[in-house]
Every structure is written in C-alpha cells, then in structure tokens.
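First comes the structure, then the notes that go with it.
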Amino acid sequence: MFFKKIGVIGGGTMGQGIAEMLAVKGLDVLLVEQTSEKLNHAYEMIETSLDKQLEKWAITQAEKKLILSRIHKVTHLAELSACDMVIETISEDLEAKKAIFAELDRVCPSSIILASNTSTLSLTELASTTKYPERVIGMHFIYPVSKVDLVEIIRGLKTSEATFSETKRFVEEVVQKKGVMVYESPGFVTTRIICILINEALHVLQEGVATAEDIDNAMRIGYNFQYGPLEMADRFGLDSVLAAMERMFREFGDIKYRPSVLLKKMVRANQLGIKTGVGFFKYDKDGDRL
C-alpha cells in the first residue's frame, strides 16, 4: 500500500498534533470535525503551533505555508473514501467511536485501514460495528505527537496480519516513529503505567508529603522526565486521566486503578489543565506554563 492521503477525525489536542505531524512528513491530511467552527479552531491551533516553531527558527515561512497547504478541512466523513488510511482521534467515548467506525465502514472501501488513537478502549468492540473488522487497528500516539517517537500498535481480536504489517510499516517507514505491538488490554502499556504514576503523585500531594512543584521537580530532575507527573496530567487533561482510571478500575477491578479523590475534585471544579488554563499549574492560551 502506498500511503499518501490520511484522514484524521477529531480536531482536539491529539488530532491537531497528528494532523500537523503527518503534514510535516509530506502527507496530505483530511481533517474532520463536527462543525466548521471547531474545524477552524483546530486549524488555527495548528497554525499557532507552526508560528511557535517559526519564532524559534525551527521552520521557515515557506515551510509553514507548505505544511498548512497539506491540511484540508472536511466536515463530512464520506469525503474520507479517497484516503489510504483513516485515524480516529475523538474523546474516549465508546459509543461515539462505535458510531464513527460504523459510518466509516459504510463510506470507505474495504482496502482502507481504519485506526483509532484510543488509549483505553477495546479495539475488538470498536471493530464489532463494522463489516470488515480485520481492517480495524489501534494506533496510539503519545502526547506531544511531534516530540515522542513512539506509537503503540494495538491488535483487536480480528485484526488481520496484513493490517498489522501495513500499519507497522506506515508508523516506522512513513512517519518514522518506533512502533511497539500491544495485544488488547485496558490501558495498553503506556496509559496503564503512566496513569498509575500520575494517580500516585496525586495521593502524595493529597497527603501533604510535598508540594505539586516539588513532586514534579523530583521526578523531572531525578528521573529525567520531560514533564513531572502532575504537569503531565495537566497536559493530558485531568478529565481524560480520570476517564482512563475509571475505565481501568471497572475492567480490572483492582484497587490500584481507583482514581484519587483529589483528581475527582479537580475535574468537578473544571480545573482540567491546559484546556481550561488551570490544573495543578496555570497556563497561558498557548499552553505554556505561567
């Protein structure tokens, strides 16, 4: 299979990052959102990201224009029928994702790989809404997409060997990231481990063992993390972390996955991190720490 045109469904943080990364790699991207307002916002955020790189001399004005020219705004899933692969990146809502996969199955030829960027949901269950479950696969990019050279490739029960090998080739040869194969399990590898780390940091904070700043400094400096666990949670979105923890707690039934009371309080207070400007730390509109 020759990968040239990729559909990306969802213009949130991950959708923006994936669309930008694919365009930088020279691929045409069809970016889909529910409304033209959301679509325009996602496009503006990608442009803001490129402007930041422009300020740091990482790219030129000509490169910025070229990258943006490869991203095409789309509001109807039917337009994705011309793609070589479709990547779904909407929020972790099983029913919403199933509805999208059912619709993609109707509009996309059976040769097109349908991938989900889910971090916790069952690929087998997503694939169950399609006539061709063998072409459904998980492709979990890690935030921030442009800086993390890893993709978890998750096989559902019916994912074919051809779908897996083509997806692995796409990840390693086309977008040039390291692909690790994961068999379906709640949270896979990265989400399962990082959410427990974040949850434990929340317990440490709640118990008054150390301040948020010192907890993050201890892990960032002591263990060479790019971000400490609390800032990491802010960047993922505290609501997303809570949803992942609750799903793993339901699936495994193990107390170690029970989300911290502090996490629940923060989400109820709508202090979700970067997306609301405040979480454990404060952020400006560009997502930079204040």
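Residue numbers count from 1 along this sequence.
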### Message
Which residues pass the ring-ring contact (aromatic ring centres under 6.0 Å, His included) test with Y283, not counting sequence neighbours?
### Response
none
### Task
Apply side-chain contact (heavy atoms from CB on, under 4.5 Å) to N224 and list each qualifying residue two or more places apart in sequence or on a separate chain.
none
### Summary of ring pair (Phe, Tyr, Trp, His ring centres under 6.0 Å) pairs that have at least one residue in residues 219-255, sequence neighbours excluded
F252-Y257
### Query
How far apart are the C-alpha atoms of Q226 and K147, what are their side-chain angles, what is the distance that settles it, and do they pass the side-chain contact (heavy atoms from CB on, under 4.5 Å) test?
CA-CA 10 Å; Q226 185 178 0; K147 293 179 181 175; 4.0 Å; yes
### Message
Taking ring pair (Phe, Tyr, Trp, His ring centres under 6.0 Å) as the cut-off, I'd like each qualifying pair that reaches into residues 166-205, sequence neighbours left out, listed once.
### Response
F3-F170
### Task
Provide the full list of salt bridge (charged side-chain N to carboxylate O under 4.0 Å, His left out) pairs with a residue in residues 242-253, sequence neighbours left out, each pair given once.
none
### Task
Mind jotting down which residue pairs meet the salt bridge (charged side-chain N to carboxylate O under 4.0 Å, His left out) criterion with at least one end in residues 18-35? Sequence neighbours excluded, please.
none
### Query
Do I153 and F164 come close enough that some side-chain heavy atom pair is under 4.5 Å?
yes
### Residue from V29, V74, V32, N117 passing side-chain contact (heavy atoms from CB on, under 4.5 Å) with V8
V29
### Query
Tell me the salt bridge (charged side-chain N to carboxylate O under 4.0 Å, His left out) pairs involving residues 258-275, sequence neighbours left out?
D239-K275
### Message
One thing to verify: whether R289 and E213 come together as a salt bridge, which I'm taking to mean a side-chain N less than 4.0 angstrom from a carboxylate O.
### Response
yes
### Query
For atom NE2 of H41, is the number of surrounding heavy atoms from other residues, nucleotides or ligands below 6.0 Å larger than 12?
no
### Task
Count the heavy atoms belonging to other residues, nucleotides or ligands that lie under 6.0 Å from NZ of K158, then report whether that count exceeds 12.
no
### Message
So for atom CD1, which belongs to I221, do other residues, nucleotides or ligands contribute more than 12 heavy atoms lying within a distance under 6.0 Å?
### Response
yes
### Query
Mind checking whether L50 and I67 have side chains closer than 4.5 Å, heavy atoms only?
yes
### Task
Using a 4.5 Å cut-off on heavy atoms from C-beta on, say whether the side chain of L202 contacts that of V261.
no
### Derivation and outcome, side-chain contact (heavy atoms from CB on, under 4.5 Å), residues I154 and T118
CA-CA 10 Å; I154 305 101; T118 180; 6.0 Å; no
### Message
Would a single hydrophobic cluster contain both L22 and V174, if residues Ile, Leu, Val, Met, Phe, Trp and Tyr are joined by side-chain heavy-atom contacts under 4.5 Å?
### Response
yes
### Task
Identify the heavy atoms of L230 and A201 that sit nearest to each other, and give their distance.
CD2-CB, 4.0 Å
### Of all pairs that satisfy salt bridge (charged side-chain N to carboxylate O under 4.0 Å, His left out), the ones with a partner from residues 177-197, not counting sequence neighbours
D149-K177, E172-K178
### Query
So, do M248 and C195 sit near enough that their side-chain heavy atoms are less than 4.5 Å apart?
yes
### Task
For residues K285 and T48, determine if any side-chain heavy atom of one lies less than 4.5 Å from a side-chain heavy atom of the other.
no
### Task
Name all pairs fulfilling the side-chain hydrogen bond (donor to acceptor under 3.5 Å, both in side chains) condition that reach into residues 81-91, sequence neighbours left out, sorted by first residue then second.
E88-K97, E88-S116
### Query
Is a salt bridge present between R155 and E161, judged by a nitrogen-to-oxygen distance below 4.0 Å?
yes
### T276: partners by side-chain contact (heavy atoms from CB on, under 4.5 Å), with sequence neighbours left out
N270, L272, V278
### Query
If you look at every heavy atom in R169 and F2, which pair is closest and at what distance?
NH2-N, 4.4 Å
N/O donor-acceptor pairs under 3.5 Å from side chains in residues 133-143, not counting sequence neighbours:
unit_1, atom_1, unit_2, atom_2, d
R135, NH1, P109, O, 2.7
R135, NH1, I112, O, 3.0
R135, NH2, D105, OD1, 2.9
R135, NH2, C108, O, 3.3
H140, ND1, E152, OE1, 2.7
H140, ND1, T190, OG1, 3.4

### Message
Using every non-hydrogen atom in the two residues, find where V107 and L77 come nearest and quote the distance to one decimal.
### Response
CG2-O, 3.7 Å
### Message
So, using side-chain contact (heavy atoms from CB on, under 4.5 Å) as the criterion, who are the partners of A233 when residues are at least two apart?
### Response
I198, L238, V241, F280
### Task
Check the pair E103 / R106 against salt bridge (charged side-chain N to carboxylate O under 4.0 Å, His left out), numbers first and verdict last.
CA-CA 5 Å; E103 180 63 22; R106 284 193 289 273; 2.6 Å; yes
### Query
Is a salt bridge present between K256 and E200, judged by a nitrogen-to-oxygen distance below 4.0 Å?
no
### Query
Looking at side-chain heavy atoms only, is the closest gap between R235 and T13 below 4.5 Å?
no
### Query
Would you say the side chain of I46 lies within less than 4.5 Å of the side chain of L31, judging by non-hydrogen atoms?
yes
### Message
Heavy-atom count check: over 12 atoms from other residues, nucleotides or ligands less than 6.0 Å from K282 NZ?
### Response
no
### Task
Report yes if some heavy atom in the side chain of I6 is under 4.5 Å from a heavy atom in the side chain of I18; otherwise report no.
no
